[in-house]
Amino acid sequence: MVSDRAVPDWLNKGDNAWQMIASTLIGIQSMPGLVVLYGSIVKKKWAVNSAFMALYSFASSLIIWVLLGFRMAFGERLLPFWGKAGPALSEDYLIRRAIIPSTAHYYHNGTVETPTVEPFYPQAALVLFHFMYAAITLILLAGSVLGRMNIKAWMVFSPLWLLFSYTVGAFSMWGGGFLYHWGVIDYSGGYVIHLSSGIAGFTAAYWVGPRIKSDRERFSPNNVLLMIVGAGLLWLGWSGFNGGAPYAANIIAPIAVLNTHICAATSLLMWTCLDVVFFSKPSVIGAIQGMMTGLVCITPAAGLVHSWAAVVMGLFSGSIPWFTMMILHKKSSLLQKVDDTLAVFHTHAVAGLLGGILTGILAHPQLASVILPVSGTMGFAYGGGFTQVYKQIIGALFIVAWNIFATTAILIAIGWFIPLRMPDDQLMIGDDAAHGEEAYALWGDGEKFDVMRHETIPHASRGNDDAQVQLNNIAARGVTIQL
């Protein structure tokens, strides 16, 4: 028989189960999704380093999150944009009913307009769910500095950025900060996660410096099929990313999941069509970029818009980031100067900002009333005027400004003690210089195939002709593979 302590009256088993599943799906996006994607989308010599940066960020984020980060983002208010730091480790804290204490919203006369957010499951489920958001934000940021950032500098940067940049955006927008109470909409991270990672990544790329010339000129994926596998895990995992944002298995969750996939599919097709029209052939990398921009664009709006609006957002997310990446990037001296390895600025900052503004236009009042703290919230398309669009723009400007400031300050401070960029001689080598390891145990790095080392020479008694045939067969297995 289950005790009342194990199943208290406030516990909703369905909500609890869904929140744990959603957390796991987001975790799969990072581990192994982005680990596989990063390890395969870069040149062979950077496969280990790129995958390890994602792996390290996931692990370090968890420790920092439970020690200080969660309560800075979702705890009691310290400042209008920051919560009070504290651990999320004790049994009493983790098994009690989940609560985000600063989210009670009041009318001007002091009466409660929207009560405090209190999901029907333990605090541990909320800590875990938002850790997954925090971890993937850092990993997305890493995509801007792959192929040259000193791994030791990255190991210091990751926890500091989580504490001093991510928690500010999370508290301001979700944890009961000033943007939350003002009514800026960010359903599940278009600003907090994607705009933040895109701007912070671009800023980090500026301070770290560019890759070596040979890598900037040619940075082909080392395994296209694995790249598709990683992208597929990322797409599928977005069901938890957007489906878990309402903190319940309610009517908003399936709408959000459906809209997520509609927008991603539309965006992928739009991007692919543009590639065919302008470059005469579809690109696999382009399709993945289009998928990504669609997923990012719908994120701030996923549970708040009709599915036809998700199609509209997909058309925009498959075309506007395509234009900024393929056309504007080549004409802008700033974008040319900053070496954003995986174009995170375009796929996350541009797409996240686009999604946020479109949310201000397309947010449906009935859907918004279910989960947003400010009553009467609606998009321009439903008679809300430009008020919500204006709020979305101001919210985006705050996220952009804070991430530029915090990322710059952290990297300058680290740079006093640890070089941010690997030396050029190590950049020529890659993984072996950074880790003493390589991704593939294949011939092709200048190593000559030695018959004597790999197989015993046949005895002369078998006949000279037979011996020569066997030697030829052995040598045939030593074909050089250029990766």
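Within a 6.0 Å radius of CE in Met20, other residues, nucleotides and ligands contribute 12 heavy atoms or fewer. Heavy-atom neighbours of Phe52 CZ from other residues, nucleotides or ligands within 6.0 Å: above the threshold of 12. Residue Phe316 places its CZ atom among 12 or fewer non-hydrogen atoms of other residues, nucleotides or ligands, all under 6.0 Å distant.
A cation-pi contact, defined as under 6.0 Å to the ring centre and within 45° of the axis, is absent between Arg97 and Tyr121. The side-chain tip of Arg71 points at the ring of Tyr93 from less than 6.0 angstrom away and within 45° of straight on.
For an aromatic pair to be called close, the ring centres must be under 6.0 Å apart, and His194 with Phe241 satisfies this. The aromatic ring centroids of Phe171 and Phe74 lie 6.0 Å or more from each other. Checked against a 6.0 Å centroid threshold, the rings of Tyr133 and Phe129 count as neighbours. Ring pair Tyr247/Phe120: centre-to-centre distance not below 6.0 Å.
Ring geometry for Tyr390 against Trp182 counts as perpendicular: the plane angle is over 60°, on a 0 to 90° scale with 30° as the lower cut. Taking the six-membered ring for Trp and thresholds of 30 and 60 degrees, His105 and His181 have nearly parallel ring planes, at less than 30 degrees apart. Taking the six-membered ring where tryptophan is involved, the planes of His130 and Phe70 are tilted, since the angle between them lies from 30° to 60°.
Using modelled atom types, one finds a donor on one side chain and an acceptor on the other under 3.5 Å when comparing Thr111 with Asn109. Defined by atom type and a distance below 3.5 Å, a donor-acceptor pair is present between the side-chain atoms of Tyr440 and Asn222. The closest side-chain donor-acceptor pair between Trp154 and Ser57 falls under 3.5 angstrom. Counted by atom type alone, Ser102 and Glu76 present zero donor-acceptor pairs between their side chains at under 3.5 Å. Between the side chains of Ser267 and Trp271, no donor-acceptor pair is found at a separation under 3.5 Å. Donor-acceptor pairing under 3.5 Å is recorded for the side chains of Trp238 and Thr299. No hydrogens or angles considered: nothing links the side chains of Thr293 and Ser317 as a donor-acceptor pair under 3.5 Å.
Not one N or O on the side chain of Glu118 forms a donor-acceptor pair closer than 3.5 Å with the backbone of Ile99. Remark: the backbone N or O of Leu138 is not paired with any side-chain donor or acceptor of Tyr166 at under 3.5 angstrom. A donor-acceptor pair is defined here as one N or O able to donate and one able to accept, closer than 3.5 Å; such a pair exists between the side chain of Gln29 and the backbone of Leu234. Between the side chain of Tyr56 and the backbone N or O of Met155 there is at least one donor-acceptor pair closer than 3.5 Å.
Between Leu141 atom CG and Leu162 atom CG the span is 11.0 Å, to the nearest 0.5 Å. Taking CG from Leu411 and CD1 from Ile418, the interatomic distance works out to 11.0 Å, rounded to the nearest 0.5 Å. The CE atom of Met72 lies 10.0 Å from the CD1 atom of Ile64; values are rounded to the nearest 0.5 Å. Between the CG atom of Leu37 and the CG atom of Asn223 there is a distance of 11.5 Å, given to the nearest 0.5 Å. Separation of atoms CG (Leu11) and NZ (Lys13) is listed at 7.5 Å; rounding is to 0.5 Å.
Two residues are said to be in side-chain contact when any heavy atoms from C-beta on lie closer than 4.5 Å; Ile199 and Ile399 fail this criterion. Taking the side chain as every heavy atom from C-beta outward, Thr103 and Tyr180 approach each other to under 4.5 Å. With contacts defined as side-chain heavy-atom distances shorter than 4.5 Å, the pair Phe131/Ile26 does not qualify.
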Could you please spell out the steps behind the side-chain contact (heavy atoms from CB on, under 4.5 Å) verdict for Arg148 and Trp46? CA-CA 9 Å; Arg148 82 282 200 174; Trp46 290 113; 5.6 Å; no
Could you go through the side-chain contact (heavy atoms from CB on, under 4.5 Å) check for His306 and Leu362 one step at a time? CA-CA 8 Å; His306 283 307; Leu362 299 170; over 6 Å; no
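Legend: residues meeting ring-ring contact (aromatic ring centres under 6.0 Å, His included) with Tyr382, ordered by chain and number and at least two apart, are His364. Applying the ring-ring contact (aromatic ring centres under 6.0 Å, His included) test to His346 and every residue at least two apart in sequence or in another chain returns His329.
Checked against Met313 for a side chain to side chain contact (heavy atoms under 4.5 Å, CB included), the options Leu358, Thr266, Ile262 give a single hit: Leu358.
We find that Lys45 and Glu437 are not joined by a salt bridge, their nearest charged nitrogen and carboxylate oxygen being 4.0 Å or further apart.
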